[in-house]
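Remarks on the structure that follows.
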Amino acid sequence: MFKVLKTEESARRGEFSCAHGGTVQTPVFMNVGTQGAIKGGVSAHDLKEIGCQIELSNTYHLHLRPGDAIVRKMGGLHKFMDWEGPILTDSGGFQVFSLAPLRKIREEGVSFASHIDGHKIFMGPEESMQIQSNLGSDIAMAFDECVENPATYEYAKISCERTARWLERCKAEHDRLNCLPEAVNPRQMLFGINQGATFPDLRIAHMKRIQEIDCEGYAIGGLAVGEPTQVMYDIIDAVEPYMPREKPRYLMGVGTPSNIIEAVARGVDFFDCVMPSRNGRHGKLFTWEGTVNILNEKYAADPNPISPTCSCPVCRSFSRAYLRHLFKADEVLALRLAVLHNLWFYNELMAKIRRALDGDCFAEFREKYSGKLEERV
RNA sequence: GGGGGAAUUCCAGAGCGGUCAAAUGGGGCAGACUGUAAAUCUGUUGCCUACGGCUUCGAUGGUUCGAAUCCAUCUUCCCCCA
């Protein structure tokens with residue numbers, strides 16, 4: 001269930017509800033816990049404290065370890081990781097891109113050589129739906145091919161036509177599995193994914209085609225894979241008019257704080273990105289003043305918090321000097337604190353975007369912050 | 001007291017006559033990271049008026065066209081025997 005509460009130009013303020021966790025306020029950032037955990041030692045309990053509304057996990061990775069059958073036996077992913085809120089599972093389509101050297105694509109689906117031990121795994125639309133059904137997530141993503149950049153027009157066309165056919169199969173299998181009495185989450189929803197690389201005509205044709213297949217939401221995939229930022233914005237601009245107004249839009253894998261602000265301005269509701277957690281683990285911290293590389297020597301004896309304007313649990317208690325020390329001393333606490341801070345920032349970013357939309361001042365918010373939050377402090 | 005071994009650029013440790021400003025680790029410094037094969041990867045780490053030059057390999061003196069590499073003395077450290 002999705003409801004647009006209000007709009008400001010193309011930007012939308014909305015509410016989304018699903019089987020778990022009540023209502024998600026959008027625009028929203030989904031905190032990424034690929035293997036059922038946020039990397040850096042952050043648990044689902046921590047997510048509650050840092051303002052996370054919805055969590056994202058991965059089909060391919062959980063299928064390999066511990067195996068979706070085990071997660072199912074444990075009562076589903078919510079119970080397994082003790083997260084009561086909504087969960088979106090990515091389909092494995094991104095691994096078609098990120099694990100390109102280890103896979104082969106055919107019409108039926110994709111065979112992977114496991115990145116862990118090399119054993120062969122076949123994943124097509126039906127397999128991905130079956131795994132996501134076993135995980136019991138609230139939103140299942142359609143199985144797609146995230147095409148690498150740059151792609152030729154010919155390949156992008158072949159690929160996104162195949163992804164459209166895969167969506168039909170996903171939809172059929174998803175509906176079938178949801179109706180089974182043993183379904184872990186019978187109210188699981190399905191989002192379709194738009195592809196077409198950097199070619200507006202392919203993007204638009206694909207978007208028109210996939211919205212004929214009834215999904216609870218539609219995503220834009222295959223962006224932020226190396227193309228210039230402006231190209232990404234141009235593609236969103238091109239596709240957005242063809243996305244259903246009454247359904248949520250999800251820009252997959254994006255992005256920097258400014259990318260998110262710009263995409264909200266273009267009508268996107270859902271986001272997810274590895275950046276706050278990965279960069280956090282690598283010592284790069286986001287603040288309202290810009291980014292802080294806590295590893296830099298200049299913070300060695302800095303008694304201030306990461307950011308003077310942040311009220312996250314980390315900034316409330318610890319100095320830059322302490323956090324830098326933890327990183328230098330290889331303490332796992334460093335990763336945890338850095339990731340907690342960054343996720344707090346991302347969740348707060350979304351809260352501020354929502355508040356700006358509520359107050360009809362998103363344009364000013366955008367003007368004030370877009371393009372500035374990535375500058376070095 | 002006697003005998004033997006070693007001293008290398010921040011550390012450890014290669015090198016044993018020219019191709020050495022000196023391998024490789026570590027540490028330091030900096031950068032990258034966008035649906036997570038990432039607690040990973042990359043660059044850099046003597047000085048300078050830098051596609052070239054200058055001073056380095058415990059100290060001093062010597063051999064040689066040429067020395068971190070050979071010789072002498074000294075200093076320090078380690079090991080073995082008494």
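Numbers restart at 1 for each chain; the letters A, B, ... are given by sequence-line order, proteins then strands. Values in this document were obtained by computation on a predicted structure and should not be read as measured data.
Judged purely by distance below 3.5 Å, without hydrogens or angles, the side chains of A:N293 and A:Y299 never pair a donor atom with an acceptor atom.
When ring centroids are compared, A:F112 and A:Y60 come within the 6.0 Å threshold. Ring to ring, A:F29 and A:Y346 are close: their centroids are under 6.0 angstrom apart.
In this structure, the nucleotide among B:C29, B:G35, B:A32 sitting nearest to the side chain of A:E297 is B:C29. Closest to the side chain of A:M252, from the set B:G35, B:U36, B:A38, is B:G35. Among B:C33, B:G28, B:A39, the nucleotide with an atom closest to any side-chain atom of A:K328 is B:G28. Of the listed nucleotides (B:A37, B:A39, B:G35), B:A37 has the atom at the smallest distance from the side chain of A:Q95. Of the candidate nucleotides B:C33, B:U36, B:A39, B:U36 has the atom nearest to the side chain of A:F94. When the nucleotides B:A37, B:G35, B:A39 are ranked by their closest atom to the side chain of A:L102, B:A37 comes out on top.
Counting non-hydrogen atoms under 4.0 angstrom, A:D330 reaches nothing in the nucleic acid. Among the protein residues, A:G222 comes within range of the nucleic acid bases, having at least one heavy atom under 4.0 Å from a base atom. Residue contacts for A:D90: at a heavy-atom cut-off of 4.0 Å it reaches a base atom on one of the strands shown. Note on A:R65: nothing from the nucleic acid sits closer than 4.0 angstrom, heavy atoms only. Within 4.0 Å (heavy atoms only), A:V332 reaches at least one base atom of the nucleic acid. Residue-level contact check: A:Q195 touches the bases, meaning some heavy atom is under 4.0 Å from a base atom. A:L251 comes within contact range of no nucleotide atom at all, as no heavy-atom separation falls under 4.0 Å.
Nucleotides B:U44 and B:G26, compared at atom C1', are 15 Å apart to the nearest Å. To the nearest whole angstrom, the two C1' atoms, one in B:G4 and one in B:G52, are 47 Å apart. For the P atoms, the distance from B:U55 to B:A6 is 30 Å, rounded to whole Å.
Counting to the nearest Å, the C1' atom of B:A30 and the CZ atom of A:R376 are 9 Å from each other. Atom NZ in A:K284 sits roughly 12 Å away from atom C1' in B:A30 (whole-Å rounding).
Nucleotide B:C41 forms a pair with B:G31, judged by Watson-Crick or G-U wobble geometry with both contacts under 3.5 Å. Pair assignment for B:G52: B:C48, on the basis of Watson-Crick or G-U wobble contacts that are both within less than 3.5 Å. Across all strands shown, B:U76 is found opposite B:A6 as a Watson-Crick or G-U wobble partner, with both distances under 3.5 Å. The partner of B:A23 is absent, by the rule that a Watson-Crick or G-U pair needs both atom distances under 3.5 Å.
For the pair A:A142 and A:R281, both in contact range of RNA chain B, the more 5′-proximal nearest nucleotide belongs to A:A142.
For A:N293 against B:G31, a side-chain-to-base donor-acceptor contact under 3.5 Å is absent.
Remark: A:R278 is not in phosphate contact with B:C41, judged by side-chain N or O atoms under 4.0 Å from OP1 or OP2.
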